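Please read all numbers here as calculations on a predicted model, not as lab measurements.
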Amino acid sequence: MESIKPETSSKQDIQKEFNIMLLGETGSGKSTLINYLMNYFHNGTLDNLKIAIPTKHHVTTEDLKHHEDNVQDASKSKTRACAVYNFRKHDTIFNFIDTPGLSDTEGVIQDDFNIQQIMGAAEQSGLLTAIVLVINGTQTRATVTLRNTLCLMKRSIPDVLLQNLVVVLTNCSAASVNFDMAYLKPWTVHEVNVFYMNNSALSRPASQWMDNGRKKKAVEKEWKCSMETIEELIQNLTQLGGKATEAFKQMRMKRDRIKSQLHSILLEVKKYQSLQNELDIMKITQKCISTDIQIYSEYKRTTQVEHTEFVQCDDYNTICSECSNACHENEENISPFQIILGIALNEFTIISMAFNLINIFLSLSEPLCHCEHPLHTHYNAKIRPIKKIITVEEVLEDMKSAYDQSVSKNEKIQSKIGSLDTDIAAVKYALDEKEADILKCCHELKKLCSQFNFVDELQGILGIMERYARMPTSTVARLDAEKRIRNIKLVVDTLSSAGTSD
């Protein structure tokens, strides 16, 4: 914001200083009002106009910087940046802050940028005496652009300054005004703070009236009335007490905080969705591994085999050491050697193994028993073979290896799932904290500016969040994101509609 001083003066001579901000729709007459103020404070006349800001019909006569562009195009805001015009009267300085017009043809983005500049200039001033709403008084109804302008102003001016609102209705008189003050509701501007000003002297070229006596007389009359109106305005401004602009700073901080937290929520939601997707994949994998564990858990197999046991009996039997069959039962002609051999083979495993080895070599030349084993492999003993079917457990090594690998994988995945659960819980906690902070800031901002429109302010980033909430494949993540957006939108809609006048 640049300070433009038509007249330099020593601060030591100044006892009072007033800061006045001008707000209005593009083409409402803010810059023209500055030019009238220039003529008022510098004794300009119709024959010797003092022009601070160039217009369509007048070039600047003062050596001042300005931020006016394309003065020939009435559809666009000519003021591109806030500028302060300093005027002195006796021991008092009046700082008029000229601002960019609202609702011009460059659209919402330009309006948002202009509002940021305006609020920044107000905050920088430190103390505001008045906010002057400059409105074209010839408008018979609230057009779309006027409604938009009023909406922008209402959501930008803190309530603490509503008692310092001043309205200047341009292009009209008190008798010819068409603008209905009801359009400003719920704002209430006292009648003493409403001024009517016909600025036709600067809104048309001098050639149109200078040589026409009747027109010139009418313009001179309007000029005189306008100067009287300026005088009344200045006197009125000196009666208003200045208000600190801290509220503008708080509004800016709350707005930035809300947008920052919404953006942070968007990033946290993305992180949450990524973690939830990974968790879903892990759970699916774990389910498959659990199925494998169940399948491979049958790595032990039981089979039934035939087993021969020997029991004591009263008679001698000829037992084949090869097939464990009783080849001859109830034998009587038994030599003592066979008895001893039978006992030894039956009691001592090592002797039995050695005996079997000898039988291998002797079997080539010895006749066979009817069991088709050599005779020397037989012995006599008081025992009888009994064949039984027994159950034997067998371990399938390949299946056991697959089972052990599946169990190991399951343990690792379970650990990963636990870690993801912890990370998701931390993200959800952070989201809860940010959501609560946003809601708190919204309520605080509403207290600062009861007409603040959260829908217009936040619809862009909320729209981005809504679009992203539809992207995740995880149903859990999607439902959580949608729920959070609904919570924020509910508060936003409630606060925006509360006390809002159409």
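At a threshold of 4.5 Å between non-hydrogen side-chain atoms, the residues Ile97 and Leu22 do not count as touching. When side chains are defined from C-beta on, Leu127 does not count as touching Thr245, because their heavy atoms never get closer than 4.5 Å. Contact check for Tyr36 versus Met38: no side-chain heavy atoms found under the 4.5 Å cut-off. Between Val166 and Phe195 the shortest side-chain heavy-atom distance falls below 4.5 Å. You'll find the side chain of Ile51 reaches within 4.5 Å of the side chain of His58, heavy atoms only. In this structure, the side chains of Leu445 and Gln250 stay at 4.5 Å or more apart for every pair of heavy atoms. Proximity of Pro100 to Gln117: side-chain heavy atoms (C-beta onward) are separated by under 4.5 Å at one or more points. Counting only heavy atoms from C-beta outward, the side chains of Val134 and Thr170 approach each other to under 4.5 Å.
Summarising the geometry of Pro158 relative to Ser156, their closest heavy-atom pair is CD-O, 3.5 Å, with the distance given to 0.1 Å. When every heavy atom of Asn35 is checked against every heavy atom of Ala52, the shortest pair comes out as OD1-N, 2.9 Å. Contact detail for Leu128 and Ile20: the closest heavy-atom pair is CD2-N, 4.5 Å. Among all heavy-atom pairs drawn from Leu279 and Ile424, the shortest one is CD2-CD1, 3.7 Å. Taking each heavy atom of Asn19 and Ser125 in turn, the nearest pair found is ND2-O, 3.5 Å. Minimum interatomic distance between Gln451 and Lys154 (heavy atoms only, all atoms of both residues): CB-O, 3.4 Å.
Once rounded to the nearest 0.5 Å, the distance linking OG of Ser297 with OH of Tyr403 reads 6.5 Å. Note that the CD1 atom of Ile115 and the CG atom of Leu23 stand 7.5 Å from one another [nearest 0.5 Å]. The structure places NZ of Lys271 at 14.0 Å from CD of Gln276, a figure rounded to the nearest 0.5 Å. Atom CG of Asn48 is separated from atom NE2 of His42 by 12.5 Å, given to the nearest 0.5 angstrom. In this structure, OG1 in Thr238 is found 7.5 Å from CG in Asn236, a value given to the nearest 0.5 Å. Of the inter-residue distances, the one linking Asn487 atom CG with Glu482 atom CD reads 12.0 Å to the nearest 0.5 angstrom.
In summary, of the residues considered (Asp98, Thr60, Leu202), a side-chain contact (heavy atoms from CB on, under 4.5 Å) with Ile53 occurs for Asp98 alone.
Salt-bridge formation is detected for the pair Arg257/Asp437: a Lys NZ or Arg NE/NH1/NH2 atom is positioned less than 4.0 Å from an Asp or Glu carboxylate oxygen. Under 4.0 Å is where a charged nitrogen must lie from a carboxylate oxygen, and between Asp292 and Lys409 no such pair does. For Glu17 and Arg88, the salt-bridge test fails: no basic side-chain N is under 4.0 Å from an acidic carboxylate O. Between Lys428 and Glu268 there is no salt bridge, since no side-chain N of the basic residue sits under 4.0 Å from a carboxylate O of the acidic one.
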message: side-chain hydrogen bond (donor to acceptor under 3.5 Å, both in side chains) for Lys243 and Asn164? Distances and angles first, verdict last.
response: CA-CA 8 Å; Lys243 295 291 179 65; Asn164 292 59; 3.2 Å; yes
field: Ile461/Lys259 under side chain to side chain contact (heavy atoms under 4.5 Å, CB included): CA gap, chis, key distance, verdict
entry: CA-CA 8 Å; Ile461 190 166; Lys259 288 185 176 181; 5.6 Å; no
- request: Any chance you could lay out the salt bridge (Lys or Arg N to Asp or Glu O under 4.0 Å) test for Lys249 and Glu123, step after step, and finish with the verdict?
  value: CA-CA 6 Å; Lys249 177 181 178 181; Glu123 178 184 337; 5.6 Å; no
field: Stepwise side chain to side chain contact (heavy atoms under 4.5 Å, CB included) test for Phe179 and Asn136
entry: CA-CA 8 Å; Phe179 180 79; Asn136 186 346; over 6 Å; no
Verdict with reasoning, Cys449 to Met251, per side chain to side chain contact (heavy atoms under 4.5 Å, CB included): CA-CA 8 Å; Cys449 179; Met251 285 180 64; 3.7 Å; yes
- request: Determine, step by step, whether Arg484 and Asp432 satisfy the salt bridge (Lys or Arg N to Asp or Glu O under 4.0 Å) criterion, reporting the C-alpha distance in whole Å, the side-chain angles of both residues, the deciding distance to 0.1 Å, and the verdict.
  value: CA-CA 9 Å; Arg484 294 183 187 280; Asp432 291 340; 2.8 Å; yes
message: Could you walk me through whether Phe94 and Phe41 satisfy the ring pair (Phe, Tyr, Trp, His ring centres under 6.0 Å) test, starting with their C-alpha distance in whole Å, then the side-chain angles of each, then the deciding distance to 0.1 Å, before giving a yes or no?
response: CA-CA 10 Å; Phe94 296 89; Phe41 284 104; 5.6 Å; yes
- request: Begin from the C-alpha positions of His443 and Val491 and carry the test side chain to side chain contact (heavy atoms under 4.5 Å, CB included) through to its verdict.
  value: CA-CA 9 Å; His443 285 283; Val491 173; 4.1 Å; yes
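The closest side-chain donor-acceptor pair between Thr138 and Asn171, if any, does not fall under 3.5 angstrom. Of the N and O atoms on the side chains of Ser176 and Ser173, at least one donor lies less than 3.5 Å from an acceptor on the other residue. Side-chain contact check for Ser103 and Thr26: no donor-acceptor pair (N or O, by modelled atom type) lies under 3.5 Å. For the residue pair Gln110 and Asn114, a side-chain donor N or O sits within less than 3.5 Å of a side-chain acceptor on the partner. At a cut-off of 3.5 Å, with distance as the only test, a side-chain donor of Gln235 or Glu231 sits close to an acceptor on the other residue.
Aromatic ring pairs are classed by plane angle as parallel below 30°, tilted from 30° to 60° and perpendicular above 60°; the pair Phe454 and Phe452 is perpendicular.
Heavy-atom neighbours of Lys89 NZ from other residues, nucleotides or ligands within 6.0 Å: above the threshold of 12. Heavy atoms from other residues, nucleotides or ligands lying under 6.0 Å from CD of Gln294 number 12 at most. Taking a 6.0 Å sphere around CG of Asp211, one finds it holds 12 or fewer heavy atoms contributed by other residues, nucleotides or ligands. No more than 12 heavy atoms of other residues, nucleotides or ligands sit less than 6.0 Å from atom CD of Gln163. In Met210, the CE atom is crowded: over 12 heavy atoms of neighbouring residues, nucleotides or ligands sit closer than 6.0 Å. By the neighbour-count criterion of 12 heavy atoms within 6.0 Å, atom CG of Leu267 is densely surrounded, having more than that number from other residues, nucleotides or ligands.
Without hydrogens or angle criteria, Thr494 side chain to Leu490 main chain gives a donor-acceptor distance under 3.5 Å. Between the Ser260 side chain and the Asp256 main chain, no donor and acceptor come within less than 3.5 Å of each other. With Asn277 contributing its side chain and Gln273 its backbone, the two residues share a donor-acceptor pair below 3.5 Å. For the pair Lys254 (side chain) and Cys441 (backbone), a donor-acceptor distance under 3.5 Å is absent. With hydrogens and angles ignored, the 3.5 Å screen pairs no side-chain donor or acceptor of Ser415 with any backbone N or O of Glu411.
Partners of Lys434 under the side-chain hydrogen bond (donor to acceptor under 3.5 Å, both in side chains) rule, at least two apart in sequence or in another chain, are Ser264. By the ring pair (Phe, Tyr, Trp, His ring centres under 6.0 Å) test, Tyr296 is found to be paired with no residue, residues two or more places apart in sequence or in another chain being considered. Checked against salt bridge (charged side-chain N to carboxylate O under 4.0 Å, His left out), Asp112 has the following partners two or more places apart in sequence or in another chain: Arg155.
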